[in-house]
Each structure stands twice: as structure tokens, then as C-alpha cells.
Amino acid sequence: MLDLLIRGGTVVDGTGTPGVRADIGIMDGRIAAVGDIADSATRVIDAHGLVVCPGFIDPHTHYDAQLLWDPSATPSCFHGVTSVIMGNCGFSLAPIGDESDATYLGAMMARVEGMSPAALAEGVDWNWRSFADYLDRLDGNLGVNVGAMIGHCALRRAVMHDDSVTREASDDEIAEMKGLLAEAIQAGSLGFSTTRSYTHNDGDGVPVPSRVASEAEVVALAGVCADHPGTTLEWVADGCMNNFRDDEIDLMARMSLAARRSINWNVLTIDSARAGDYRQQMDASRQVAERGGRVVALTMPILVGMNMHFHSFCALYSLPDWAPIMGLPAEEKMAKLRDPEVRRFMEQRAASPEAGVFSRLTGWGLYRIGDTFSAANEGLKGRTVGDIARERGQRDFYTLLDIVLADDLRTVLWPGPTDDDPSSWLMRQAAWDDEHVMIGGSDAGAHLDRMAGASYTTEWLDDCIRGRRLAGLERAINHMTDVPARFFGLTERGRVAEGWHADLVVFDPETIGAGELLMHHDLPGDGPRLYSEARGIASVIVNGVVTVDDGALTGALPGRLLRSGRDTETVPIPADL
């Protein structure tokens, strides 16, 4: 008798081939049979009229903290995600040398990844030291499969403590970091991640530790992966926001070649108004390939819903020369924002080429007003700044500032992206099938009250079926299942195939999608997060066990900690082929 039988669904196997009607039999966490199955089962799911496909794999999350209080990784699990990769951008919660390191990492994650300080304080006990200890905390208590990279910042902090943000490491310190990294990978880390991006500052507002590291240190640490099977690399750099400099391209190539592994970066933002940037970033991958390495850019197939505030840190702070103004105490900031000269300066700098990827936030007239907090702004919720500006006979940007000032900076703003045009979407369609591009970059688990990328799986399927239809259903599923599984070398995952792990999603193609983006207060300490509910997901199955049934968690925790070398295999880079 089978453990589970999914009967009568249209099976889309993840390889990109057309779906076929078939039953799927599951036994002992594996797919026992695919076809016309007569066997009985402990449980039968009627999938007639539904699609059955591999569970979605999110290659870029920051669930490192949240999994400690939410082992199901909500809301990703509701949107059909069965495997997540975390520890990205050089940020992980281990190793830590002492309590001061834990305090530092918590403050860093709150600042750079937008995690709730209250949730971190209540939900994370920091009761570990080594990366192995941290992985053991998760193992056996997961509702999804989890692969964890080790972040450069934690490595550097554990070895150098306060000096990690002030100077380059000595040869002995690099050797110690390499030793810790090797130990982490032997314990199951999927590899090494780092950041050199100007957008990444710690809780004190200074560059995070990895930004201080020498290139020699970065390459030496990347090279540790060459000694361990099933590993990979990930990084973020200035060029991810604009154009890659020659030295950044050279460093990517040296990292990939030293590790004999692929490296992925986050996130490729495609905008027809910045077509040159997109072409240059794609050319960087080809230059690395010519040297024998491999670089893959992550890109999102949707425009991620996000909000902005002027009262606390958000992406607006990264606009050219805005940070010194936005970082002021509230009263001083408000005085600056009332100054006509400052207003002109901020508007001009935001429109400058240096804005790069953040230029998509400068369509001031497209901003929609969210919650307001003053009598002066009564009735503005739901309206666009552009409409209000025309009524007032003002420039869009000045109108936005007036609204924000009336609320003592607390106004909730919903940007209307400037890159939602037909040309940008056609460029994205072409990029999706490029060998140097992979779908992903949700940042799920981070920036919780600012953006909501976790729903990209269901949103994109909705768009493919009923919206722009820029990708067919089978190809979209392939992009979110088999492609990331093969990139990370996840063994026997990412496809519906006999003998493979039974990570599956059953969904209704007529209703698949995501709901309205709302603010929930459900984190430890009553912390807020943006949340979009899944529609059309009938069942989510992880390692043969139903974890989501008709939109609700079943309470089962069958997720597996994906340890390198055991659950992953080495993926050759071009020079090895």
C-alpha cells in the first residue's frame, strides 16, 4: 500500500516538457510510481482538473532567523515553496565567537536585512557557537527543505571581532577563517557567500565586515569550496546595482575559478530605461565564462510589492546623497525636507545616473498613498501622488514631501515602479531563457515590513496563465524547480520522476495567484510583516508528507536540512566540462 496517491492530475514534471495526465504514488518520502496506478494508498488526493508539479525552490532567502520560531517558513510554504536556500549576501547567524558577536550580528541583520529587532530579541536565543551547532538546531524541526550558506560577515566577526570592520585580515586570521569555513562545509553548509555592496552597512552604520576584506581574503575563502563536493558561491557587489566594474568582473572570475564552482548574484533588475546597464551586467557573466568560470544572475519574474517610509530605513536611503539627510533625527530631517534648496538637491540627485537600480523608485507621481496619520492628509489614502499634485499645482516630489511632513514622516507609501512598461517586460522575457540567468531573489525572511517577494511563485503562474503570458506554464515551472535544483546540485529534487524525493505542489490553474498585500503583526514581539496570501494551492508535499492542505498548515515538519555532499552533488563549471 502506498503512503499517498495523487490521482488524476496534469503532471508537469519540471523539465519543461508538456504536462500529461497521470497518477503519482508516494512511498517512504519518494515518488514510487508515475502513470496509471491501481494501488491503494493510506491517503488519496483527487487532483482531477489540477496541476501537479515539483515543489518550488527559492534560491535566495534570509530565513536564517525566522526558522527558529517558524519552521514552516511562512508565507513561502503557502506559495508552494518546498526548498529554500539561505545565508545569502554574506549574512548568516553563525559562527559566533562570543555574546558580543551575537549582539553585533543581530543588530546587523536588523539594519541590513530589515529584520524586526523585537522578533530577533524574542525569537533567537543565540544558543550556539559553531555553524555545525546552528545547523543542528534546525535539523529535525523543519517544514521545508533548507540549504544554508555560511556568510563572510559572521566568519570575519568570529575571528576578528571589533577589528572586522576596521582593517584587513592577517595571514593567520585568513587561515583561521578558512578553517572555520571548512568546518562549516563539512557540517553541511552549501558554500560561501559574501557582500561588497555599498548598500550593506551594519547596526552602527559602517560597512559590514566583508566589505573591509581584501580581494585576496575573498578569493582564499572561495577556494575552500574546491575541496568539498556539492558546494557553491554567492555574492553581492556594487555592480549588482548598476554596472560591474572591471575589478568586480575579475574578482568574480577569480572566485569561481578558485572554487571550481558557480557563483550567483542578486538581483538583476531589468528596466528598458537602463538597457545599457542590463546588457553590461549580462556581458560580465560572459566575460567570466570566457575565462572558464560561471556566473549566474538572479532575477524576479514579477514586480515585487513594497512600501516606503521617510521615518525609518528603507531603499530610499540608498538614493545618491540621500543617506545623510534621511539618517538625521526626525526633527532635523523634517526641517531639511521643508527647505526648498534641499528639496531641489534631493530630486536632482535621485534622477542622476548614479541612482542605478534605485531609479525605479523615483516615479514620484506613481506613488500611492497608504495609511496616513493627520487631519491634513484625511482622504488621501489610495490616491496617487501625481493626481494630488495636479490638484495642488505642484511638482510630484514636493507634493509627496508635503504629505509625508504632515504625518510627521509616518505616511505609508506604495511606490509605482517606473519599469512596468512593455519594453521592460519583453527584455525580461528574453532574459529568462538566458543560460546566465535564474529565476529568484525573493529575499523572503528579510525586509519584512518593506517588501514581499515570497509570493513570486504563485504571482508568476497567475501572470503566465491569465496575464502577460510571456512564459508557458511548463517553462515557468521548469524555471522554479529543475533549474535551481540543477544549479545547486540538489540530488534527486526538482523533478517529478520515479525514485526522486516527493516534493510536490498541487494547484488549480484556474485560480492560482496571490492575494492583496497586507500588513500582518504576527512576528515575535508583535513585529509587522507584509503578507500576501496564496490562492489556488490545494496541497504542498515535502518529502512525501502533506504540509499545507487547502491553505492551512498541517503541523507536519518533514523538511530536510540539505547538507552539502550528502544532499548535493558538485556541478561542474565550464572549465571542468
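Only heavy atoms go into these numbers, but all of them, side chains included; no hydrogens, no water, no symmetry mates. The structure displayed is predicted, hence computed values, not measured ones. Residue numbers start at 1 and run along the sequence shown.
- A donor and an acceptor atom, one from each side chain of T458 and H79, are located under 3.5 Å apart.
- Here the side chain of N145 pairs a donor or acceptor atom with the backbone of T82 at under 3.5 angstrom.
- Crowding of D246 atom CG: a count of heavy atoms from other residues, nucleotides or ligands under 6.0 Å not exceeding 12.
- Looking at S72 and T74, their side chains never bring a donor and an acceptor atom within 3.5 Å of each other.
- To the nearest 0.5 angstrom, S564 atom OG is 8.0 Å from H228 atom NE2.
- For the pair Q281 (side chain) and N242 (backbone), a donor-acceptor distance under 3.5 Å is present.
- Remark: R468 qualifies as a cation-pi partner of W425 under the 6.0 Å distance and 45° angle criteria applied to the six-membered ring.
- Here the side chain of S318 pairs no donor or acceptor atom with the backbone of T199 at under 3.5 angstrom.
- Checking D283 against Q287 by side-chain atom types alone, a donor-acceptor pair falls below 3.5 Å.
- Counting heavy atoms from C-beta outward, R428 and D419 have side chains that approach closer than 4.5 Å.
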Run E183 and F131 through side chain to side chain contact (heavy atoms under 4.5 Å, CB included) and show every step you take. CA-CA 8 Å; E183 289 175 10; F131 201 84; over 6 Å; no
Take I85 and L190 through the test side chain to side chain contact (heavy atoms under 4.5 Å, CB included) and record every step on the way to the result. CA-CA 9 Å; I85 308 299; L190 292 196; 3.8 Å; yes
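- Proximity of T269 to V267: side-chain heavy atoms (C-beta onward) are separated by under 4.5 Å at one or more points.
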Check the pair V12, V51 against side chain to side chain contact (heavy atoms under 4.5 Å, CB included), reporting the backbone distance first and the verdict last. CA-CA 7 Å; V12 178; V51 171; 3.9 Å; yes
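- With hydrogens and angles ignored, the 3.5 Å screen pairs a side-chain donor or acceptor of Y134 with a backbone N or O of D64.
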Is there a salt bridge (charged side-chain N to carboxylate O under 4.0 Å, His left out) between D271 and R360 once you walk through the steps? CA-CA 8 Å; D271 185 346; R360 69 191 300 271; over 6 Å; no
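- Checked against Q66 for a side-chain contact (heavy atoms from CB on, under 4.5 Å), the options R529, M115, M86 give a single hit: R529.
- Closest heavy-atom contact between T481 and G55: CG2-O, 3.5 Å.
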Would you check, one step at a time, whether the test salt bridge (charged side-chain N to carboxylate O under 4.0 Å, His left out) holds for R111 with D202? CA-CA 6 Å; R111 168 66 181 263; D202 65 14; over 6 Å; no
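- Figure legend: cation-pi geometry between R211 and Y198 absent, as NZ or CZ is not positioned both under 6.0 Å from the six-membered ring centre and within 45° of its axis.
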Go through the steps for W265 and F244 under the test ring pair (Phe, Tyr, Trp, His ring centres under 6.0 Å), then give the verdict. CA-CA 12 Å; W265 62 270; F244 285 111; 5.1 Å; yes
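- Side-chain N or O atoms of S193 include one that pairs as donor or acceptor with a backbone N or O of G90 at under 3.5 Å.
- Proximity of F488 to N264: side-chain heavy atoms (C-beta onward) are separated by under 4.5 Å at one or more points.
- Y456 has its side chain out of reach of V304: every pair of non-hydrogen atoms, C-beta onward, lies at least 4.5 Å apart.
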Please assess D503 against R495 for the test salt bridge (charged side-chain N to carboxylate O under 4.0 Å, His left out), listing each intermediate value before the final yes or no. CA-CA 9 Å; D503 297 336; R495 298 178 191 171; over 6 Å; no
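- Of the possible donor and acceptor atoms, none in the side chain of E569 sits under 3.5 Å from a partner among the backbone N and O of T491.
- A donor-acceptor pair is defined here as one N or O able to donate and one able to accept, closer than 3.5 Å; such a pair exists between the side chain of S532 and the backbone of G515.
- Exactly one residue among T547, V540, L553 makes a side-chain contact (heavy atoms from CB on, under 4.5 Å) with C77. That residue is L553.
- In this structure the side chain of L461 reaches within 4.5 angstrom of the side chain of L473, judged on heavy atoms.
- Salt bridge present: R535 and D462 bring a charged side-chain N and a carboxylate O closer than 4.0 Å.
- Residue R469 holds its CZ atom at 10.5 Å from SG of C464, rounded to the nearest 0.5 Å.
- A salt bridge is absent between R245 and D250: the closest approach of a Lys/Arg side-chain nitrogen to an acidic carboxylate oxygen does not fall below 4.0 angstrom.
- Distance check, rounded to the nearest 0.5 Å: OG of S424 to CG of L303 gives 8.5 Å.
- Side-chain atoms of R563 and T568, non-hydrogen and from C-beta on, never get closer than 4.5 Å to each other.
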Verdict with supporting geometry, Y63 and S76, side chain to side chain donor-acceptor pair (under 3.5 Å): CA-CA 10 Å; Y63 278 123; S76 292; 2.6 Å; yes
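- Between F192 and H152, the distance separating the two ring centers is shorter than 6.0 angstrom.
- Side chains of R493 and N543: a donor-acceptor N/O pair is present below 3.5 angstrom, by distance only.
- A distance-only check finds a donor-acceptor pair linking the side chain of W128 to the backbone of L93 [under 3.5 Å].
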Step by step, would you call D421 with S272 a side chain to side chain donor-acceptor pair (under 3.5 Å)? CA-CA 8 Å; D421 60 285; S272 62; 2.8 Å; yes
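- Using a 4.5 Å cut-off on side-chain heavy atoms (C-beta onward), V84 and V146 make contact.
- Ring pair H62/F91 is tilted by interplanar angle, where 30° to 60° counts as tilted.
- No hydrogens or angles considered: a donor-acceptor pair under 3.5 Å links the side chains of H479 and D433.
- Applying the 6.0 Å contact sphere to CD of E533 captures no more than 12 heavy atoms from other residues, nucleotides or ligands.
- The CG atom of L268 lies 4.5 Å from the OG1 atom of T299; values are rounded to the nearest 0.5 Å.
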Before giving the answer on salt bridge (charged side-chain N to carboxylate O under 4.0 Å, His left out), spell out for E248 and R196 the whole-Å C-alpha distance, their side-chain angles and the decisive distance to 0.1 Å. CA-CA 9 Å; E248 291 177 319; R196 299 178 78 80; over 6 Å; no
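- Classification of R486 and D482 as a salt-bridged pair holds, one side-chain N sitting under 4.0 Å from a carboxylate O.
- R450 and S312 share a side-chain donor-acceptor pair at under 3.5 Å.
- Rounded to the nearest 0.5 angstrom, D58 CG and D443 CG are separated by 9.0 Å.
- With T231 contributing its side chain and C225 its backbone, the two residues share a donor-acceptor pair below 3.5 Å.
- In this structure, L518 and L530 have side chains that are not in contact, with every pair of non-hydrogen atoms separated by 4.5 Å or more.
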Walk me through it: do I512 and I537 pass the test side chain to side chain contact (heavy atoms under 4.5 Å, CB included)? CA-CA 7 Å; I512 189 72; I537 298 286; 3.6 Å; yes
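- In this structure, the separation between CG on L155 and CE on M177 is 7.5 Å, given to the nearest 0.5 Å.
- The closest side-chain donor-acceptor pair between R261 and T232, if any, does not fall under 3.5 angstrom.
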